[in-house]
Each structure stands twice: as structure tokens, then as C-alpha cells.
Amino acid sequence: MTNLRLPAVDRLLQQLAASIAVYGRQPVTACVRAELAAAREGARGGLPLPDEAALLEAVRRRAEAAARPRLRPVFNLSGTVLHTNLGRAPLAAEAIARLVEAAGAPCALEYDLASGGRGDRDDLVSPLLAELVANGDPGIAATVVNNNAAAVLLCLNALAQGKEAVVSRGELVEIGGAFRIPDVMRRAQVRLVEVGTTNRTHAADYADAIGPRTALLMKVHTSNYAVTGFTKAVDAAEVARLAHAAGLPFLVDLGSGTLCDFAAYGLPPEPTPQQALAAGADLVTFSGDKLLGGPQAGLIVGRRELVARIKKNPLKRALRVGKTTLAALEATLALYRDPDRLQQRLPTLRLLTRPQAEIEAAARRVHPAVQAAVGDFAAVTVEACASQIGSGALPVERLPSAGLVLRPAARRPGKALLALEAAFRALPVPVIGRIRDDALHFDLRCLESGDEAGFVAQLDGFDPGGRGNPA
Ligand SMILES: *Cc1c(COP(=O)(O)O)cnc(C)c1O
């Protein structure tokens, strides 16, 4: 009976012309039906029926929420620069421009413009990579797949299927999620031969493990943890010598793999593919979107004949990258040709090397707006902090940084903190911080000066308790 008092769908739609113009008739109609159903459901539970104005407002809000993309930009104030859950490396302007160009028009992805014949998509970046990591050595080639996990899987399957790969026990790492070297070996149909112990592995351990079924020796950069104390690892040059003496290839999974000398930028040193190849590695694999600062990709660089074998493997086709990735990767790699401007143009390097004093100045600039936004819900202070590089790179090192610390006024801050964190997440551009020691911490390293105005503007009308936020 109460149903009779709800307006008809068509009657509501007549008053929703503005929403229909933005979102389309069908999506808005679906929202009208959903709101009417919700109102009927509420009435059955004893709630009063909403009036027409309230219904229209609810439909408008529902239509807006439904149209909002799920993949949305956020402010990464988490203190982790290369945050896997927040998309890792932000791309350089040059890479974004090339990616957009490739996305919207036909491009010579596998087309040789000189001959008019079929081309190879790896040729778009292979010579550039050889130039950057091996001074253009013609014996060095590269191939690109979806991510570094795929690169490792592909190398192992192509070079060691049905055979054995020798790895130190101290390097059988798990890299977040489900990437564990022993599991990847199994999926690649390679038998793992573990040598040494968790903390110590000697050259003789590798030598003793080499037998008739051995296909390769492998080293994994233990990028996301550090073993300290009574430790011994065999360096890459020595493992390379042992592999080559037995006529076997030597594979190095670098994980992060920066192409520049981090120490020259005052950053903790990180191994490079240049060093691995110079030490005798036949193949190195590394991520495109970690320290390299490019798109998600897995790069395989090394001896041309091994790369050719890898490219013939059917998995390569399943794991290959698309034109937007290659466009962004080529543009990112090209930035490394001009080291003088790299720090300024590559966001990852720019963010990692941002001086603490500059970050602190940014924190002081936005502090009044944040304190005004949270009012007496929380006290906001500017404090020094320490950023993490993230993505498993350099797990122990911290970069001196600065940010805002928000301490709720509530005596037992647990719930207030969660509400405050949720309110910042509900902003049009969600702000992602980190809760620690009964406070919400915003590390401002990744809030660059160009982002400050937008960050502050959206705090207008902020509700720190989160109660007024639309669902
Ligand atoms: C991060 C990492 C991987 C996985 O790389 P993705 O690009 O995330 O797939 C593999 N090995 C090591 C050592 C890593 O650090």
C-alpha cells in the first residue's frame, strides 16, 4: 500500500535531465529503480517513505557514485615511495605523452618502417637497453614481458625446463603476494637445487651441486630483506666463473634494477644490470616499475643467443607487453641517456632524492589547512619522519623526510583514528597515510609542489569524523 505513495519512475526521470545528460538515460534509470527499491525495503522495515526531493537527491548521488572510476588517483602520503598497492612508479611526463600517443593511434609496433615488412616489438627497446647497460655491445639483446615475475618464469622455463637450477638457500625469497622463487621454479618445470644454508653459502656449495642435469646457475637479489651477522654469499663474478667453467648460463634476478649509480645521488647503493653483466651474468631480469621508474614490465637483458632462445618459447607470447607499455618504457629508458637531467625528469629519482628541508617546508605550507580541516578533532604537528623506498628495494635503508602527524583529541584514539583515516580516504582524491603509535602520519615526500593546491582545495568542508561522507 505504501508503494502507492512513491512517485513513478518516469515522473522522477523527467526531473533528472541534468543527470541523464552527464551519465546517460539507462544508468540513471537503473539508479531510480534502485532508490525506489531501497525506499520500499526501508518502508517494510518501518522507515518513513522519502519525499520526492530526497529521492531525486539520492538518485543523483547514486548516479555520480556509480559513474566514478574504480581506478582513481590518490595522494600517496604513506611514506613508501614505490608502493605496490598504489601503482609503484609514477611515470615521467615524457613517458606519459608517448603512452597517450600510442594508445590513440595506429603505431609501428611490429612493423619495420624501413623495409615495410614485419617487425619485432622487442626491437623498439632492445638496442636502447644494450646501449644503456652494455655500451651498445652488439652481443647483448633484450626482451620485455609483463612484469619481473614473468621474466623469471620465462627465463627458467626457456633455459631449464625438465632440468635443474642451482640457487643459494639464502636467496629463496618471497616477494610479497605469491611470488616465491621455489614456487616459480616448480611452475617453470625446473627442479630447484638449493645450496648452502640460510646465512652462509660458499663457492664449493655451488661447484658440488653441478651435475649432468644442471641447466643453469642463478642468483636472486635479496631485495626485500637483509641477513646480517654471520653471513657469507658468493659474489656474482665467482658464480659466473663456476657456471662458465661448466658450460652453463648464469641468470641474475635483480628485482629492482636501477640503471643509474644510486650512490652518485646520495642514495643507498643498489646493484645495476651493468654490474651484473660486467660480473659475468649471461642474463639479468628486473622490473620496469620499481627503481627504473617506468611502466609495469619485466626486462630480460643478456646474451643475444640466450635472448633469442627465450623469445622462441611459447610463454613469451603469453607474457608479452602491449604498445602503451612499450611506448612508456622506450621514453623512460631514453631519459637515462641524459644523466644531467635525469633527476629532474624521472619522478622516481626526483622523489627519492627530495631534500628533507624541502619536504619540511611543504609540510609547513599545508599544515594550517589540515589543522583547520580537522578542527578540534585532532592536533596536527609538523614532524620529521623516514620514508621507505618500497617495492622490496633497499628494505633497511630509510630516507630522512618530514610530514604531518594527526593525533585525535579522544582519550582512547582507536576509533577516532580509523574514522579520521577513512575520512581522508573518502576525499575526491583519497589521501592515503599510515596509522602508527596512536596517530595518523602523512609523509609529504610524494606531495610535490604542483600537487599542494589540489590537496588543500579538497579539504574545504572536510568532515574529520567521516559521518557526513556519502557512502
Ligand atoms: C619485485 C621482485 C620480483 C617481482 O617483480 P615484479 O615486477 O613485481 O613482478 C622478482 N624478484 C625480485 C628479487 C624482486 O625484488
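Position 1 is the first residue of the sequence, and the numbers go up from there. First listed ligand is number 1; within each ligand, the first listed atom is number 1.
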Inset, instruction - Report yes or no: does Asp253 have a heavy atom closer than 4.0 Å to ligand 1? - result: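 Judged by the 4.0 Å heavy-atom criterion, Asp253 does count as contacting ligand 1.
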Legend entry - For Ala149, atoms of ligand 1 separated by under 4.0 Å from a heavy atom: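 In order of numbering, the contacting atoms are 4 (C), 5 (O), 6 (P), 9 (O).
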Legend entry - Per-residue contact class, Arg180 against ligand 1 - non-hydrogen pairs under 4.0 Å: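 Within the 4.0 Å criterion, Arg180 makes no contact with ligand 1.
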Inset, instruction - Check the pair Arg354 / Glu448 against salt bridge (Lys or Arg N to Asp or Glu O under 4.0 Å), numbers first and verdict last. - result: CA-CA 9 Å; Arg354 202 171 169 205; Glu448 294 201 272; 5.4 Å; no
Legend entry - SB check Glu360 Arg445 (cutoff 4.0 Å):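 Judged by the 4.0 Å cut-off on N to carboxylate O distance, Glu360 and Arg445 do not form a salt bridge.
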Legend entry - Close side-chain approach of Met218 to Val252, heavy-atom, < 4.5 Å: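 Sidechains of Val252 and Met218: no contact.
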Inset, instruction - Please could you name the atoms of ligand 1 that Ser287 approaches to less than 4.0 Å, counting only its heavy atoms? - result: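 Going through ligand 1 atom by atom, the ones under 4.0 Å from Ser287 are 5 (O), 6 (P), 7 (O).
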Inset, instruction - Would you please classify the geometry between the Phe424 ring and the Phe462 ring as parallel, tilted or perpendicular, with 30° and 60° separating the classes? - result: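 Correct class here is tilted.
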Legend entry - Heavy-atom neighbours of Asn135 CG exceed 12 at 6.0 Å: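 12 or below, so no.
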Inset, instruction - Could you check which of Val145, Leu82, Asn148 puts a non-hydrogen atom nearest to atom 10 (C) of ligand 1? - result: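 It is Asn148 whose heavy atom sits nearest to atom 10 (C) of ligand 1.
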Inset, instruction - Return yes when Lys219 approaches ligand 1 closer than 4.0 angstrom through a heavy atom, no otherwise. - result: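 For ligand 1, residue contact (heavy atoms, under 4.0 Å) with Lys219 is absent.
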Legend entry - Arg169 vs Thr197, side chain to side chain donor-acceptor pair (under 3.5 Å): CA-CA, chis, key distance, verdict: CA-CA 5 Å; Arg169 276 209 173 80; Thr197 59; over 6 Å; no
Inset, instruction - Pick one of side chain, backbone, both or neither for how Lys290 approaches ligand 1, counting any non-hydrogen atom pair under 4.0 Å. - result: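 Just the side chain.
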Which atom pairs, one a donor and one an acceptor, fall under 3.5 Å between side chains of residues 119-134 and the rest of the protein, sequence neighbours left out?
{"unit_1": "Asp120", "atom_1": "OD1", "unit_2": "Asp122", "atom_2": "N", "d": "2.8"}
{"unit_1": "Asp120", "atom_1": "OD2", "unit_2": "Lys311", "atom_2": "NZ", "d": "2.6"}
{"unit_1": "Arg121", "atom_1": "NE", "unit_2": "Glu110", "atom_2": "OE2", "d": "2.7"}
{"unit_1": "Arg121", "atom_1": "NH1", "unit_2": "Val321", "atom_2": "O", "d": "2.7"}
{"unit_1": "Arg121", "atom_1": "NH2", "unit_2": "Glu110", "atom_2": "OE2", "d": "3.2"}
{"unit_1": "Asp122", "atom_1": "OD1", "unit_2": "Thr143", "atom_2": "OG1", "d": "3.4"}
{"unit_1": "Asp122", "atom_1": "OD1", "unit_2": "Val144", "atom_2": "N", "d": "3.1"}
{"unit_1": "Asp122", "atom_1": "OD1", "unit_2": "Lys316", "atom_2": "NZ", "d": "3.4"}
{"unit_1": "Asp122", "atom_1": "OD2", "unit_2": "Thr143", "atom_2": "OG1", "d": "2.7"}
{"unit_1": "Asp122", "atom_1": "OD2", "unit_2": "Lys311", "atom_2": "NZ", "d": "3.3"}
{"unit_1": "Asp122", "atom_1": "OD2", "unit_2": "Lys316", "atom_2": "NZ", "d": "3.2"}
{"unit_1": "Ser126", "atom_1": "OG", "unit_2": "Ala142", "atom_2": "N", "d": "3.0"}
{"unit_1": "Glu131", "atom_1": "OE1", "unit_2": "Arg337", "atom_2": "NE", "d": "3.4"}
{"unit_1": "Glu131", "atom_1": "OE1", "unit_2": "Arg337", "atom_2": "NH2", "d": "2.8"}
{"unit_1": "Glu131", "atom_1": "OE2", "unit_2": "Arg337", "atom_2": "NE", "d": "2.9"}

Legend entry - Numbered atoms of ligand 1 (with element) below 4.0 Å of Arg88, judged on heavy atoms: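 Every atom of ligand 1 under 4.0 Å from some heavy atom of Arg88: 6 (P), 7 (O), 8 (O).
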Inset, instruction - May I ask you to list the atoms of ligand 1 that are less than 4.0 angstrom from any heavy atom of His221? - result: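 It comes down to these atoms of ligand 1: 13 (C).
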